[in-house]
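What you are looking at is a predicted structure, and each value in this text was computed from that prediction instead of being measured.
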Amino acid sequence: MPSQTRARVLYVDDDDDSREMLSTLLGISRIDVTAVATAESALSLIDAERFDAYLLDSWLPDTDGFELCRLMREASPTTPVLFFSGAAYEADIQRGLDAGASAYVCKPDVRGLLGTISLVVSHSQSIPA
């Protein structure tokens with residue numbers, strides 16, 4: 001990240017292994033991660049804390065990531081929302097963008113994800129509040 005402060009990302013994925021692996025990789029990349037398994041947990045956190053970006057999987061146990069993205073957009077319209085999902089069909093990507101996502105990266109492209117997080121967080125931090 002270009003700034004001195006570490007980016008804070010809220011990561012929502014119901015798969016325990018994915019949450020642990022990606023949280024570790026993002027931490028190594030100097031990105032602070034709060035990882036949760038449900039949309040309900042994510043929505044509670046965005047009411048209580050500030051994040052620089054939201055990172056979502058498209059499949060969640062209590063709602064799909066697309067609906068969660070719409071709800072996050074309502075709660076926090078300027079915070080970047082990114083999908084990192086195995087749902088890699090063009091229709092899935094379009095559905096994510098239509099829901100309000102800033103970007104959609106298909107698993108397992110971790111390098112692309114890191115670049116996208118850096119880009120959207122840098123851009124959002126450069127916009128006057």
Side-chain angles (χ1 to χ4, degrees):
M1 301 282 114
S3 69
Q4 297 292 7
T5 59
R6 290 169 60 120
R8 293 193 70 228
V9 172
L10 174 59
Y11 175 38
V12 188
D13 192 324
D14 64 322
D15 183 76
D16 294 337
D17 292 335
S18 292
R19 279 195 321 274
E20 184 175 334
M21 179 201 69
L22 195 59
S23 294
T24 300
L25 289 171
L26 292 175
I28 291 168
S29 299
R30 303 198 39 80
I31 298 170
D32 290 331
V33 180
T34 300
V36 297
T38 65
E40 181 180 2
S41 297
L43 292 171
S44 293
L45 278 171
I46 66 171
D47 284 339
E49 299 181 39
R50 190 191 78 68
F51 294 93
D52 296 306
Y54 305 126
L55 181 58
L56 313 176
D57 187 26
S58 59
W59 298 303
L60 300 171
D62 52 347
T63 189
D64 66 41
F66 307 111
E67 180 59 25
L68 177 57
C69 180
R70 283 187 277 282
L71 293 170
M72 287 177 149
R73 276 281 167 245
E74 289 174 15
S76 184
T78 60
T79 303
V81 180
L82 297 92
F83 276 90
F84 187 56
S85 180
Y89 290 109
E90 192 61 40
D92 298 313
I93 296 168
Q94 190 59 53
R95 194 170 167 207
L97 297 174
D98 289 345
S102 307
Y104 196 109
V105 179
C106 298
K107 289 179 180 176
D109 185 6
V110 175
R111 182 170 290 159
L113 177 65
L114 291 172
T116 302
I117 290 171
S118 179
L119 181 68
V120 299
V121 168
S122 295
H123 177 55
S124 71
Q125 290 176 342
S126 69
I127 297 172

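- Closest approach of S102 and P80 over heavy atoms only: OG-CA, 3.4 Å.
- Contact annotation: the side chain of D64 approaches that of R95 to within less than 4.5 Å [non-hydrogen atoms, C-beta and beyond].
- Between V36 and A42, the shortest heavy-atom contact is CG2-N, 3.9 Å.
- In the hydrophobic clustering of this structure, L68 groups with L10; members are Ile, Leu, Val, Met, Phe, Trp, Tyr whose side-chain heavy atoms approach within less than 4.5 Å, directly or through other members.
- Taking the side chain as every heavy atom from C-beta outward, T79 and M72 never approach each other to under 4.5 Å.
- A distance of 11.0 Å separates OG1 of T34 from OH of Y54, quoted to the nearest 0.5 Å.
- Under the 3.5 Å distance criterion, the side-chain polar atoms of D92 are matched with a main-chain donor or acceptor of Y89.
- In terms of heavy atoms, D57 sits closest to S85 at OD1-OG, 3.2 Å.
- Contact annotation: the side chain of I117 approaches that of L26 to within less than 4.5 Å [non-hydrogen atoms, C-beta and beyond].
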| request: Output, in order, the C-alpha distance, side-chain angles, deciding distance and verdict of side chain to side chain contact (heavy atoms under 4.5 Å, CB included) for I93 and C106. | output: CA-CA 9 Å; I93 296 168; C106 298; 3.9 Å; yes
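- When the side chains of ILVMFWY residues are joined at heavy-atom separations under 4.5 Å, either directly or via intervening members, V121 and L22 end up in a single hydrophobic cluster.
- Judged by distance alone, the side chain of D62 and the main-chain N or O of A39 form a donor-acceptor pair under 3.5 Å.
- The closest donor-acceptor contact from the side chain of D14 to the backbone of L60 lies at 3.5 Å or more, if one exists at all.
- L97 contributes atom CG, which lies 9.5 Å from atom CZ of F66 (distance to the nearest 0.5 angstrom).
- Nearest heavy-atom pair, R19 versus A37, reported as atom, atom and distance to 0.1 Å: NH1-CB, 3.3 Å.
- Residue-environment remark: CD (E20) stays at or below the threshold of 12 foreign heavy atoms within 6.0 Å.
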| query | What do the steps show when you test D32 against R30 for salt bridge (Lys or Arg N to Asp or Glu O under 4.0 Å), and what is the final call? | reply | CA-CA 6 Å; D32 290 331; R30 303 198 39 80; over 6 Å; no
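- Criterion: ILVMFWY side-chain heavy atoms under 4.5 Å apart, direct or through other members. Under it, Y11 and F51 are not part of a common hydrophobic cluster.
- Residues L55 and V105 are members of one and the same hydrophobic cluster, defined by side-chain heavy-atom contacts under 4.5 angstrom among Ile, Leu, Val, Met, Phe, Trp and Tyr.
- Taken from CD1 in I28 to OG in S23, the straight-line distance is 11.0 Å, to the nearest 0.5 Å.
- Contact detail for S18 and K107: the closest heavy-atom pair is OG-NZ, 4.0 Å.
- Counting non-hydrogen atoms of other residues, nucleotides and ligands closer than 6.0 Å to CD of E67 gives a total above 12.
- Under the 4.5 Å side-chain heavy-atom criterion for ILVMFWY residues, no single connected hydrophobic cluster contains both L82 and V12.
- Of all non-hydrogen atoms in A101 and F83, the two that sit nearest each other are CB-CD1, 3.6 Å.
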| said: Determine whether L43 and D47 satisfy the following criterion, side chain to side chain contact (heavy atoms under 4.5 Å, CB included), listing intermediate values before the conclusion. | reply: CA-CA 6 Å; L43 292 171; D47 284 339; 5.6 Å; no
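- Taking OG of S118 as the reference point, atom CG of L113 lies at 11.0 Å (rounded to 0.5 Å).
- When side chains are defined from C-beta on, V110 counts as touching L114, because their heavy atoms get closer than 4.5 Å.
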